[in-house]
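Below is one structure, written out as structure tokens; the observations come after it.
Starting from 1, each residue takes its place in the sequence as its number.
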Amino acid sequence: MKMETQIKKRHGLDLGGQIWRAYIERFNDPPVHSLITFGSQHMGISKSADCEPGDFLCQSVQRIIRFGVYNSWVQNSIVPAQYFRDPLRIGTYLDSSNFLADINNERPLSRNQTYANNLASLEKLVLVLFDEDETVIPKESSWFGSYTLSDGSDSQNLTIIPMQQQPLYTEDWIGLKKLDSEGRIKLIACEGGHLHYSECWNTVIKQYSGAPKPNDSYESH
């Protein structure tokens, strides 16, 4: 039986968006043609979402992330820590992050041109943000936005730096600038909180892939 030699389109929900992006940048064999991400933390999260009252497991994980997020054990053991990007400790983040800093090609001495070449080979990159998202903080991370860096400061600047002003875009560390200059990036805002299902999903999927809605598709995660 002949094996499939290409992956035409993929959807990534939440962390699944970063995982598919990492696959494309690092391997892309078989190649992906188009990627749609829903509520993904492409520039990480800078704050953990609030826990429900009495959710002691959530509260424990938050304490670990708050005080030891860049500890090697935490980086290797707790998934949210791997995409926690603290704008007050960006130097520590660059030294210790074992996932996000790599796939964003943020380390000056180890940038991998293959990552940029592979991502720039996409026919379309569709980035979906949820306009009331309180899980991805800041929500603009889904569009490669982030808070202003304030390394060494005691207070966080909540000004959002959009994708087009990020160094990874202006210096094209991962191929975003090339994709955007050729009209191959689409930024879409869907209403509601994190991964809130609405007609917006159907519209995005129908327009950009013609596939079933994400919660009916195994390939979403």
Regarding Q41 and S141, is there a side-chain donor-to-acceptor distance under 3.5 Å anywhere?
no

Quiz question: by atom type and distance under 3.5 Å, do the side chains of N202 and Y197 form a donor-acceptor pair?
yes

Checking [X] side chain against [Y] main chain: does a donor-acceptor pair fall under 3.5 Å?
{"X": "T203", "Y": "E199", "value": "yes"}
{"X": "D55", "Y": "Q59", "value": "no"}
{"X": "S97", "Y": "Y93", "value": "no"}
{"X": "D14", "Y": "G16", "value": "no"}
{"X": "Q75", "Y": "V69", "value": "yes"}
{"X": "K124", "Y": "G183", "value": "yes"}
{"X": "T148", "Y": "T159", "value": "yes"}

Do [X] and [Y] come close enough that some side-chain heavy atom pair is under 4.5 Å?
{"X": "Y147", "Y": "N157", "result": "no"}
{"X": "N76", "Y": "N98", "result": "yes"}
{"X": "L129", "Y": "L187", "result": "no"}
{"X": "D102", "Y": "R26", "result": "yes"}
{"X": "R10", "Y": "I36", "result": "no"}
{"X": "H194", "Y": "E134", "result": "no"}
{"X": "Y83", "Y": "L15", "result": "yes"}
{"X": "F130", "Y": "K139", "result": "no"}

Hydrophobic cluster identity match, [X] and [Y], side-chain contacts under 4.5 Å:
{"X": "Y70", "Y": "F99", "answer": "yes"}
{"X": "I45", "Y": "L94", "answer": "yes"}
{"X": "Y169", "Y": "I174", "answer": "yes"}
{"X": "I161", "Y": "I90", "answer": "no"}
{"X": "M163", "Y": "W173", "answer": "yes"}

Taking all non-hydrogen atoms of both residues, which atom of [X] and which atom of [Y] are closest, and how far apart?
{"X": "S121", "Y": "R184", "answer": "C-NH1, 4.0 Å"}
{"X": "A189", "Y": "C200", "answer": "O-SG, 4.1 Å"}
{"X": "R85", "Y": "G44", "answer": "CB-CA, 4.5 Å"}
{"X": "V128", "Y": "W143", "answer": "C-NE1, 4.1 Å"}
{"X": "L122", "Y": "S34", "answer": "CD2-N, 4.0 Å"}
{"X": "L100", "Y": "M43", "answer": "CD2-C, 3.7 Å"}

Separation of [Y] [atom2] from [X] [atom1] (nearest 0.5 Å):
{"X": "L127", "Y": "F144", "atom1": "CG", "atom2": "CZ", "answer": "6.0 Å"}
{"X": "I188", "Y": "S142", "atom1": "CD1", "atom2": "OG", "answer": "12.5 Å"}
{"X": "N105", "Y": "L168", "atom1": "CG", "atom2": "CG", "answer": "8.5 Å"}
{"X": "Q166", "Y": "S146", "atom1": "CD", "atom2": "OG", "answer": "3.5 Å"}
{"X": "H11", "Y": "W201", "atom1": "NE2", "atom2": "CH2", "answer": "10.5 Å"}
{"X": "D180", "Y": "L125", "atom1": "CG", "atom2": "CG", "answer": "9.5 Å"}

Does [X], at its [atom1] atom, have more than 12 non-hydrogen atoms belonging to other residues, nucleotides or ligands within less than 6.0 Å?
{"X": "K47", "atom1": "NZ", "result": "yes"}
{"X": "E182", "atom1": "CD", "result": "yes"}
{"X": "Q164", "atom1": "CD", "result": "yes"}
{"X": "K186", "atom1": "NZ", "result": "no"}

Test side-chain contact (heavy atoms from CB on, under 4.5 Å) on R21 and N104 and set out the steps.
CA-CA 10 Å; R21 180 161 67 87; N104 282 356; 2.8 Å; yes

Name the orientation class of the two ring planes belonging to F27 and Y23 (parallel below 30°, tilted from 30 to 60°, perpendicular beyond 60°).
tilted

Worked check of side-chain contact (heavy atoms from CB on, under 4.5 Å) between L35 and I24:
CA-CA 9 Å; L35 177 64; I24 294 166; 3.9 Å; yes

